[in-house]
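Comments concern the structure below.
Throughout, protein chains are lettered first and strands after them, A, B, ... in sequence-line order, and every chain is numbered starting at 1. Computed from a predicted structure; not experimentally measured.
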Amino acid sequence: MKKDEYDVIIIGAGIGGLVCGCYLAKAGLKTLIVEKNAKPGGYCTSFKRKGVNFDACVHVLSSLRKRGRLNKFCEELGIETRNKFKVHDPSDIVVTPEFKINFFHDLDKTIQEFQKYFPNQKKEIDIFFRFMAFSPISLILQQRSKTFEEMLSGYFTDSRLKTILSVLILSLAGLPATEVSAFVGCFIYREFLFDGGYYPIGGIQSFSDLLANRFEALGGIIILSTLVKKISIANGKADGVILADGKLISSKYVVSACDARQTFFEFTNGEVSLERIKNKINIFLPSLSVFSLYLGITKNLNEIPELKANVWVIATYDIQKIYHSLINCQNEHFAITSSSAKDRSLLINDTESICLCTNVPFKDTSYWDGAAKELLADRLIRMSKVFIPELEKHIILKIIATPITLYKWTYNYRGAAYGWASTPKQFGDPDLSQKTPLDNLFLTGHWTNQSSGITSVANCGYDTAILILREEGKL
Amino acid sequence: MAKTIPDNLEQELKQVIANVIGREPEELKPETDFWKDLGVDSIKAIEITVAIERHFKIAVRDEEIPKITNFGQAMKVVKEALDKKNK
């Protein structure tokens with residue numbers, strides 16, 4: 001019988017694929033990752049224009065405290081994190097029409113910040129934040145059917161406070177708080193907002209490179225700039241991949257760490273055992289996409305030290321207005337991040353790198369090819385002036401990424417920034433589990449039933465590796 | 001009248017849970033702790049719950065989910081939900 005060339009082939013070198021690959025390679029499995037782009041990372045990537053570094057979609061990492069989940073994976077995989085990150089505290093700042101609120105690593109300080117501005121909800125703020133940070137999993141599990149908005153309403157009556165807490169979830173889950181699962185909201189606060197602010201020295205790409213290098217050091221192989229066309233199936237089992245040039249590479253297992261529609265409508269089209277999943281995918285909703293405006297500016301950001309944090313700007317307390325405005329791409333909320341403020345080694349020729357980004361629906365190519373792109377860019381620049389005075393006078397470089405850009409970069413359906421929408425109904429759906437009904441085909445990343453964000457997809461990558469290692473009798 | 005409890009409930013339930021967590025049904029002993037012994041985390045706990053609900057066409061109350069910590073507890077929760085459904 002012909003021997004497989006690999007034990008496992010992973011399609012996609014995003015963080016989920018890389019973490020999965022590292023665990024498999026560490027356990028001694030011969031593992032190949034095939035990536036369509038010229039560098040690893042998926043959304044966790046950086047690019048350069050005129051020498052200036054821009055982080056594409058992911059702008060900071062989280063959960064790297066001593067007992068954090070991402071830190072645990074790095075430790076287990078032997079990835080040295082010491083001196084690899086700049087740690088910023090506060091990690092996040094919310095700018096409202098009236099004031100600025102900081103998220104500190106010290107939860108007590110964060111609670112005091114919120115209490116200072118919302119003395120009418122002092123007690124509830126204390127209970128809510130401590131619940132989000134410390135409550136046992138058993139209590140978080142009981143939030144399964146609730147939306148984040150329903151959970152918030154159980155604590156707070158102040159609509160301004162609810163808007164602030166909701167917009168952070170909108171930005172970090174790509175879904176209004178009225179739709180996002182409360183369970184997922186809890187994890188976003190616990191893992192991201194209460195333990196954020198870790199910036200890889202050299203730019204966000206450095207983290208993906210760290211994982212890719214470790215994967216190779218563990219014996220794994222990455223092929224870049226290579227498109228998978230099909231998953232090879234024989235005798236009811238996945239048994240390799242067929243590349244765009246027609247070359248077949250055989251393996252015992254295949255892990256798809258890329259867009260779900262690619263996996264089920266293109267790579268495995270016609271496979272009867274996957275019909276149920278295809279039907280499910282047809283009715284499943286994706287998360288929102290993101291519009292990003294990358295700017296090279298001459299203003300010295302030493303003057304604005306707050307930009308070491310992620311800055312979340314909320315122009316109105318009317319949450320319905322925020323939701324409606326994003327549908328029309330006249331956003332009332334957005335984030336300001338700066339790679340050169342977070343890491344001064346990225347300041348090139350006195351040009352600072354900033355990114356203004358916000359959630360948007362996919363729309364279509366003709367929409368973004370029209371005036372909409374420039375209109376939204378101008379709007380974000382105008383709104384940023386509350387934080388960066390006279391911003392427009394300092395711009396020397398301007399690049400726009402629309403949902404179409406995100407789609408082209410990753411082939412993620414409708415340029416979704418966070419995979420499937422993490423609604424109470426969709427989150428945890430067993431039909432999109434990592435183990436598929438087709439033998440030896442597994443999934444990982446944010447197009448599974450798990451949550452999105454770097455820490456979550458890393459967790460998913462780990463889980464998928466464990467499932468395969470168990471099948472192999474390696475655990 | 002609909003039958004309250006399927007004859008092969010134990011086997012069916014073992015299969016449903018084993019599928020979700022990537023284990024063999026035989027590994028699910030009544031006292032085996034899902035979290036400590038079988039590596040179930042909070043996301044898998046939700047997935048197990050949804051899988052059980054779909055398979056047996058029952059509703060598991062959110063307060064019951066943390067109780068499903070081993071196969072014995074899972075049986076108890078499913079039996080109660082089936083009884084309630086058929087009342």
Q | Best-contacting candidate, A:L467, A:D429, A:L139, against chain B by heavy atom pairs under 4.5 angstrom | A | A:D429

Q: Taking all heavy atoms of A:S138 and all of B:P66, pick out the closest pair and write down the distance.
A: O-CG, 3.1 Å

Q: Return the minimal non-hydrogen interatomic distance between A:S433 and B:E47, and the atom names on each side.
A: OG-OE2, 2.5 Å

(Q) Applying a heavy-atom distance below 4.5 Å, give me the residues of residues 142-151 of chain A that approach chain B, sorted by number. (A) A:Q142, A:Q143, A:R144, A:S145

Q) Side chain of A:R470, backbone of B:I21: donor and acceptor closer than 3.5 Å? A) yes

Q) Taking atom CZ of A:R130 as the centre, does the number of heavy atoms from other residues, nucleotides or ligands within less than 6.0 Å exceed 12? A) yes

**Q.** Close side-chain approach of A:L141 to B:I46, heavy-atom, < 4.5 Å
**A.** yes

Q.
Quick test of your reading of the model: are A:R69 and B:D41 salt-bridged, counting only N-O distances below 4.0 Å?
A. no

Q) So what's closer than 4.5 Å to chain A heavy atoms on B:K44: side chain, backbone, both or neither? A) side chain

Q.
Around atom NZ of B:K85, are there more than 12 heavy atoms from other residues, nucleotides or ligands closer than 6.0 Å?
A. yes

Q) Atom CD1 of B:I43 and atom CZ of A:F187: how far apart are they, to the nearest 0.5 Å? A) 6.5 Å

